Amino acid sequence: MPRRWLFADQLGPHFLDDRHQPVLLIESKAVFRRRAFHRQKAHLLLSALRHRAAELGDQAVHLRTETYRDGLRKVREPLEVCHPTSRTALRLVQSLDRVTVLPPRGFVTSLDDFAEWADAKRGALRMEAFYRFARDHHQVLVEGGEPVGGRWSLDKENRERPPKDATRLDVPPPPMPKEDDIDAEVRADLDRWERDGIRFVGRDGPRRFPATAKEASARLRHFLRHRLATFGPYEDAMLADDPWMAHSMLSSSFNLGLLDPLEAVRGAERAYRKDGVPLPSAEGFIRQIIGWRDFIWNLYWYFGPGYQDSNELAARRSVPDWFRDLDADAVHAHCLSDVLADLRDHGWLHHIPRLMVLGNYALQRGWRPAELVDFFHRSFVDGYAWVMTVNVVGMSQYADLGRMSTKPYVSGGAYINRMSDYCGGCRYNPKVRVGDDACPFTAGYWAFLAGSRDRIPANARMARTIAQLDRLRDVDELIKQEKRRGDKAP
Ligand code: SF4
């Protein structure tokens, strides 16, 4: 049986065909020289790879080299590798004569099935349509060809505001991994690399995300039993003192390849059918995995290499240093400061602070999408080229003018006020758009619409918003104010 080369995001048992298969693991230090990763992300990647090497023992050749090519020079035998997750890595493995590239693993819908589905669609590709296809194709929450509960998406039931007067959701916290000698070694190596000039962002902290398949499975079981029921209704809500809410915190485990996504999906379906978890919660979690995650993965390959440079809204400004360096202390806007602080301290945020606080602010300010892809890739424990390219370029920044989403994800302070407890403790007022108290999100929202209205394709939803814009009497003043504010931390 040929030796299987596993990248650091292919670490679960489902990336091997046989539990005794010989393995190659290469730790490339050059990866950390190229971009300033979040310190906790670097820790998680190295910890996961070294834990896998320790589990496999003599079965694995584990090399620590400057580049992958340096590592490959030390191994003479033929190798197999599962389709890597980035274009750069795919080019590398395809350029090597003695490496056989196998189809991808770690996702649910295959590239071929997706391409067939997408080729048959006319016009824009929509997650909702793909999600139906995937539910039906993989027979998840489907009976007699119909969705269980009568509707494919129960998203409307899953948009509750946070509970009144609560500062935290009433759910047990996710089990946190216990650090061991491997983590201690990783931490010492990263300290040394930093002294030698390799730069990281964010703060170091205890490892909060699973580094082994065992830790990931334990977190999944706990989530399905204790947190999934609450996840659904509050999946879009934010509380300043509750960074995890009832989210699974498993995205990094799926993206490291520690967990098989279809197993998690089947687990959520069982939790609904056997354990009384409400259908909207199970459906919401399943949609995140076989819907969004697979949609984004497949689009990364389907849209091709030019897509990452899309910039149809002509966003020309550079991401400012305070944002890039997660300098939460420089920011007065309560929501933005708290979200940057959480990211600095944990390397993770759930999807709403990513999309409706960070992404929304960046879109309003006209920051370059390619720089934002890099920011999200580097700063999040679950960030990779495949996941951040389409999520940021297409969904968050609307830089493809709607090839995969129906409208720009842009909103004023009213949305943040409705879905969080941030605004009560803020020096700005979400209802005010001009003046000292003007909420930067509210002012930024109208300034963005005024500046981009001619580029955004017309549809009924946008027409209503533009009609509102036309009724505002202070647009000129507002635009001047936002120009003065520029990219200074708000
Ligand atoms: Fe954020 Fe505006 Fe609310 Fe302040 S008032 S927390 S800046 S949305």
Side-chain angles (χ1 to χ4, degrees), residues 159-169 234-245 317 319-320 322-346 349-367 372 375 379 396-397 407-451 465 468-469 472 474-475 477-490:
R159 291 188 200 140
E160 297 279 321
R161 299 165 179 216
K164 204 163 182 310
D165 298 328
T167 56
R168 308 184 75 88
L169 287 185
Y234 299 116
E235 70 171 299
D236 286 357
M238 299 180 279
L239 285 169
D241 288 338
D242 191 349
W244 323 132
M245 301 294 280
R317 298 156 84 113
V319 177
W322 58 267
F323 192 93
R324 192 188 295 274
D325 295 338
L326 312 179
D327 188 1
D329 299 336
V331 179
H332 299 289
H334 187 202
C335 56
L336 187 54
S337 173
D338 190 74
V339 163
L340 278 178
D342 279 348
L343 183 54
R344 175 195 68 200
D345 295 345
H346 309 135
L349 301 165
H350 74 75
H351 62 275
I352 295 299
R354 292 186 201 212
L355 184 67
M356 300 312 292
V357 179
L358 298 184
N360 187 14
Y361 195 81
L363 175 61
Q364 292 177 359
R365 264 71 207 169
W367 296 345
L372 288 162
F375 168 82
S379 312
S396 162
Q397 300 302 298
K407 61 178 177 59
Y409 278 86
V410 64
S411 78
Y415 175 87
I416 294 172
N417 193 25
R418 186 165 68 248
M419 297 308 292
S420 79
D421 61 351
Y422 282 128
C423 297
C426 186
R427 61 164 282 191
Y428 300 113
N429 182 337
K431 294 196 177 121
V432 176
R433 56 182 177 264
V434 176
D436 287 347
D437 294 343
C439 164
F441 283 86
T442 303
Y445 172 68
W446 293 114
F448 165 79
L449 288 173
T465 309
Q468 277 176 291
L469 174 69
L472 300 186
D474 49 11
V475 174
E477 205 183 332
L478 186 152
I479 290 171
K480 274 193 213 138
Q481 165 188 285
E482 291 311 288
K483 273 213 176 105
R484 278 198 307 275
R485 189 176 255 164
D487 293 325
K488 284 198 294 276

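Indexing begins at 1, ligand by ligand and atom by atom, following the structure's order. This one's a predicted model, so the numbers in the text were calculated from it and none came from an experiment.
- For Arg159, the salt bridge (Lys or Arg N to Asp or Glu O under 4.0 Å) criterion is met by Asp155, not counting sequence neighbours.
- Partners of His332 according to the ring pair (Phe, Tyr, Trp, His ring centres under 6.0 Å) rule, which considers only residues two or more places apart in sequence or in another chain, do not exist here.
- By the 6.0 Å contact criterion, NZ on Lys407 is enclosed, its count of non-hydrogen atoms from other residues, nucleotides or ligands being greater than 12.
- Evaluated for a salt bridge (Lys or Arg N to Asp or Glu O under 4.0 Å) with Arg344, the options Asp329, Asp338, Asp325 yield exactly one hit, Asp329.
- A salt bridge does not link Asp236 with Arg418: every distance from a Lys NZ or Arg NE/NH1/NH2 to an Asp or Glu carboxylate oxygen is 4.0 Å or more.
- Of all protein N, O or S atoms, those under 2.8 Å from atom 1 (Fe) of ligand 1 number 1.
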Identify all side-chain donor-acceptor contacts of residues 478-490 below 3.5 Å with residues at least two apart in sequence or on another chain.
| from | atom 1 | to | atom 2 | distance (Å) |
| --- | --- | --- | --- | --- |
| Gln481 | OE1 | Gly435 | N | 2.8 |
| Gln481 | NE2 | Arg433 | O | 3.0 |
| Glu482 | OE1 | Arg365 | NH2 | 2.7 |
| Glu482 | OE2 | Arg485 | NH1 | 3.1 |
| Arg485 | NH2 | Ala438 | O | 3.1 |
| Asp487 | OD1 | Trp367 | NE1 | 2.9 |
| Asp487 | OD2 | Arg317 | NE | 3.1 |
| Asp487 | OD2 | Arg317 | NH2 | 3.4 |
| Lys488 | NZ | Arg484 | O | 3.2 |

